[in-house]
Amino acid sequence: FYYEQFGYKPSNAPFKSIYEILYVKGVDRKVFNTLRKFVTIYGDGRINVNSASKEVLMALDPEMTETAAESIIESRPIKRLEELKDLPGFTPELYFRIKPLLTVSCNYFLVNSSGMFGDSEVTVEAFVDRKRVLEWKVK
């Protein structure tokens, strides 16, 4: 009922664009701008240990310490998840709990491109996979 008052009927399906998060009750532009650094609608839901921020790594498990997260970042590039077992701050239990949440590669990317001509500047944000542009927006 909340969404109908705005003329929007929820699809109850996966988002088609990252910007649809703005339609979620309680998400304003400030919340969206904070979230967008940490979330995506693309991929299989696993976190790439070679590009995840410290904040994302620490959110994987309550027992993920700063030491463990920083050891991942300092050891990049990580070629196999098994390498995590030997890093400072890791226990076998932590490794086996977070392993299903992780990957060492990515097929989706955020590209920001800016162009200038005279006094005009335009920035385009695009989400791409390895073969095509999935969505783009002029910012």
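Computed from a prediction, not measured in an experiment: that's the story for all the values here.
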Query raised in the report: Where do Phe15 and Val39 land on the side chain to side chain contact (heavy atoms under 4.5 Å, CB included) test, with the steps shown first?
Result: CA-CA 12 Å; Phe15 290 131; Val39 299; over 6 Å; no

Requested in this report: Assess whether side chain to side chain contact (heavy atoms under 4.5 Å, CB included) is satisfied between Glu135 and Tyr42, documenting all intermediate values.
Outcome: CA-CA 11 Å; Glu135 72 175 286; Tyr42 301 107; 2.6 Å; yes

Requested in this report: Before giving the answer on side chain to side chain contact (heavy atoms under 4.5 Å, CB included), spell out for Val104 and Lys79 the whole-Å C-alpha distance, their side-chain angles and the decisive distance to 0.1 Å.
Outcome: CA-CA 6 Å; Val104 294; Lys79 296 189 185 329; over 6 Å; no

Report task. Before giving the answer on side chain to side chain contact (heavy atoms under 4.5 Å, CB included), spell out for Asn112 and Lys139 the whole-Å C-alpha distance, their side-chain angles and the decisive distance to 0.1 Å. Result -> CA-CA 10 Å; Asn112 282 294; Lys139 295 175 77 175; 4.1 Å; yes

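Scanning all heavy atoms of the two residues, the minimum distance from Ala52 to Ile47 falls at CB-CG2, 3.5 Å. Of all heavy-atom pairs spanning Met58 and Thr65, the tightest one is CE-C, 4.1 Å. Considering every non-hydrogen atom in both Leu87 and Ser71, the closest pair reads CB-OG, 3.6 Å. Nearest heavy-atom pair, Met64 versus Ala69, reported as atom, atom and distance to 0.1 Å: SD-N, 3.8 Å.
Here Ile98 contributes atom CD1 and Ile72 contributes atom CD1; the two are 5.5 Å apart, rounded to the nearest 0.5 Å. With rounding to the nearest 0.5 Å, the separation of CD1 in Ile73 from CG in Asn50 is 11.0 Å. Atom NZ of Lys25 and atom CZ of Phe6 lie 9.0 Å apart (nearest 0.5 Å). With values rounded to the nearest 0.5 angstrom, Leu102 atom CG is found 8.5 Å from Tyr95 atom OH. Rounding to the nearest 0.5 Å gives a distance of 11.0 Å between CG of Leu101 and CG of Leu57.
Under the 4.0 Å criterion applied to side-chain N and carboxylate O atoms, Arg46 and Asp44 are assigned as salt-bridge partners.
With sequence neighbours excluded, the residues satisfying side chain to side chain contact (heavy atoms under 4.5 Å, CB included) with Phe32 are Ile18, Tyr19, Ile21, Leu22, Val27, Arg29, Arg36. Remark: Ser114 pairs with Thr123 by the side chain to side chain donor-acceptor pair (under 3.5 Å) rule, at least two apart or across chains. Taking the side chain to side chain contact (heavy atoms under 4.5 Å, CB included) definition, one finds that Ser105 meets it with Thr103, sequence neighbours left out.
Between Phe127 and Ile41 the shortest side-chain heavy-atom distance does not fall below 4.5 Å.
Residues in residues 86-106 take part in these salt bridge (Lys or Arg N to Asp or Glu O under 4.0 Å) pairs, two or more places apart or across chains: Asp61-Arg97, Glu63-Arg97, Glu82-Lys99. Applying the ring pair (Phe, Tyr, Trp, His ring centres under 6.0 Å) definition to pairs two or more places apart or across chains, none involves residues 44-90.
Val133 belongs to a hydrophobic cluster whose other members, connected by ILVMFWY side-chain contacts under 4.5 Å either directly or through intermediates, are Phe109, Val111, Val122, Val124, Val128, Trp136, Val138.
A side-chain donor-acceptor contact under 3.5 Å links Glu83 to the backbone of Arg80.
By the 6.0 Å contact criterion, CZ on Phe117 is open, its count of non-hydrogen atoms from other residues, nucleotides or ligands being 12 or less.
A donor-acceptor contact closer than 3.5 angstrom links the side chains of Arg130 and Asn107.
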